[in-house]
Every structure is written in structure tokens, then in C-alpha cells.
A.B. asks: 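Pasting in a structure now, in C-alpha cells, and then I'll have a few things to ask.
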Amino acid sequence: MRRILVINGPNLNMLGTRQPEIYGSETLADIEAACREKAVALQMEIEFFQSNIEGEIVTVIQRARGTFDAIVINPAAYSHTSVAILDALLACDMPVVEVHLSNIHKRDEFRHFSYVSKAASGVICGFGKQGYLLALEALASFFK
Ligand code: DQA
């Protein structure tokens, strides 16, 4: 069974009440439940993680090596700022799928660039919760 680490960055713990006109009304727990259901269907094991702290995200990525087969990450605001998370992903030596709930290219200019994309096999944005499920499906076919 493939093991997938799903990482969520800052403020994603506020989903449900945070700018629902942009991010929808579902909570991170709802997204986790949908990911768990999809993982069972795809015969994957997932671990779901959220942190508001950049260094914690770096540490979790470092520890993934040897334990997980792939990473799905919504780095949230750190996408646009974090060379540290990019470097951790470049060193982790496994496929990385970057996910954003919103279409970052339709939004503020500073959201158009993501450092993390430089380490990603693929990027999915604009499909809300569905983006996480598409990322798991992409990895399932990648490992076939
Ligand atoms: C986000 C987009 C980022 O620009 C923003 O800072 C977030 C969430 C998304 O999922 O659409 O916190 O990553």
C-alpha cells in the first residue's frame, strides 16, 4: 500500500469560517474525511497534517523520506514566500502534488507565483476540496 502524506499550511485550520466566498464552507475535517474515503477506494494509506508554523512543515517533510511514498501539499500562504519549504520538498526525493482550493491565478498578483511549484510534479488549483481528491487520483495512476 502506498503511503501519502497530506500537508496543509497556515490558516487552513480556519476553513469553514475563513472567507467562505473564496474557500467554501467545508472545514479541513470535511476535506480530511473526503481524502480518507478516496484513499480507501485507491488502496492508499494517508496521514493528514496541518500547521501554521513554517519550521514544523519543513520538519514533517524531512521526516517523510523513507516513511511515505508521496506528498500532497497545500502550502497556503507559504507557497508564495517559503524557500525553506521548497528546499525541503526538493530534498525529499518523492513525487509532490501541490494543491490550492482557489484558483491562485485569478487572484492577487502576489499569489500567482509559488516557490513550491518548482518542486511539484503537478499543480491543481481552483477546484476546492475536489483538488485534494484529484491529487490522490493522480498519484494512484503515477504508481500504477
Ligand atoms: C491557498 C491560496 C493561497 O494564496 C492562500 O494564502 C491560502 C490558501 C488555497 O488553497 O487556495 O491560504 O493555498
Side-chain angles (χ1 to χ4, degrees), residues 2-42 44-65 67-143:
R2 300 290 181 175
R3 297 207 68 209
I4 315 297
L5 176 59
V6 183
I7 301 175
N8 295 277
N11 299 305
L12 293 172
N13 55 315
M14 301 299 289
L15 288 177
T17 54
R18 174 193 181 199
Q19 296 181 280
E21 68 287 359
I22 295 174
Y23 297 115
S25 55
E26 290 189 286
T27 65
L28 194 61
D30 295 331
I31 293 175
E32 178 174 357
C35 285
R36 291 200 177 282
E37 199 177 308
K38 175 62 78 178
V40 169
L42 296 172
M44 290 170 156
E45 257 178 50
I46 61 166
E47 191 164 310
F48 205 85
F49 173 80
Q50 190 275 332
S51 176
N52 294 322
I53 301 167
E54 184 177 17
E56 279 184 6
I57 295 171
V58 169
T59 299
V60 154
I61 294 167
Q62 287 177 0
R63 289 190 186 142
R65 206 172 168 166
T67 313
F68 290 92
D69 298 300
I71 290 175
V72 172
I73 183 166
N74 182 348
Y78 288 143
S79 317
H80 319 302
T81 63
S82 181
V83 176
I85 291 174
L86 167 63
D87 283 349
L89 290 169
L90 287 171
C92 77
D93 202 25
M94 68 186 81
V96 173
V97 182
E98 179 182 357
V99 172
H100 298 279
L101 294 158
S102 63
N103 180 355
I104 55 174
H105 302 289
K106 228 168 115 178
R107 300 183 61 198
D108 324 78
E109 188 127 11
F110 66 84
R111 295 183 202 274
H112 297 180
F113 176 78
S114 166
Y115 284 99
V116 168
S117 298
K118 294 186 176 294
S121 306
V123 182
I124 298 166
C125 74
F127 295 106
K129 178 179 78 177
Q130 188 68 20
Y132 286 75
L133 310 182
L134 292 169
L136 293 175
E137 280 176 16
L139 287 169
S141 47
F142 182 89
F143 285 124

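In listed order, ligands and their atoms are each counted from 1. For clarity, every value in this text was computed on a predicted model and none was experimentally measured. Index from 1, following the sequence.
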A.B. asks: For R107, does the CZ atom sit with more than 12 other heavy atoms under 6.0 Å from it, leaving out its own atoms?
C.D. replies: yes
A.B. asks: Within a reach of under 6.0 Å around CD of E37, are more than 12 heavy atoms found that belong to other residues, nucleotides or ligands?
C.D. replies: no
A.B. asks: Would you mind writing out the side-chain donor-acceptor pairs for residues 119-128 within the sub-3.5 Å range, not counting sequence neighbours?
C.D. replies:
none

A.B. asks: Can you produce the list of protein nitrogen or oxygen atoms under 3.5 Å from a nitrogen or oxygen of ligand 1, alongside each distance?
C.D. replies:
from, atom 1, to, atom 2, distance (Å)
ligand 1, 4 (O), H80, NE2, 2.7
ligand 1, 4 (O), R111, NH1, 2.9
ligand 1, 6 (O), A77, N, 3.2
ligand 1, 6 (O), R111, NH1, 3.0
ligand 1, 10 (O), N74, ND2, 2.9
ligand 1, 10 (O), L101, N, 2.7
ligand 1, 11 (O), L101, N, 3.3
ligand 1, 11 (O), S102, N, 2.8
ligand 1, 11 (O), S102, OG, 2.6
ligand 1, 12 (O), R18, NH1, 3.1
ligand 1, 12 (O), R18, NH2, 2.9
ligand 1, 13 (O), N74, OD1, 2.8
ligand 1, 13 (O), H100, ND1, 2.8

A.B. asks: Could you list all the salt bridge (Lys or Arg N to Asp or Glu O under 4.0 Å) pairs where at least one residue sits in residues 45-60, not counting sequence neighbours?
C.D. replies: R3-E45, R3-E47
A.B. asks: Among residues at least two apart in sequence or on other chains, which ones pass side chain to side chain donor-acceptor pair (under 3.5 Å) with R65?
C.D. replies: none
A.B. asks: Under a 3.5 Å distance rule, please check whether S79 uses its side chain to pair with a backbone N or O of A76 as donor and acceptor.
C.D. replies: yes
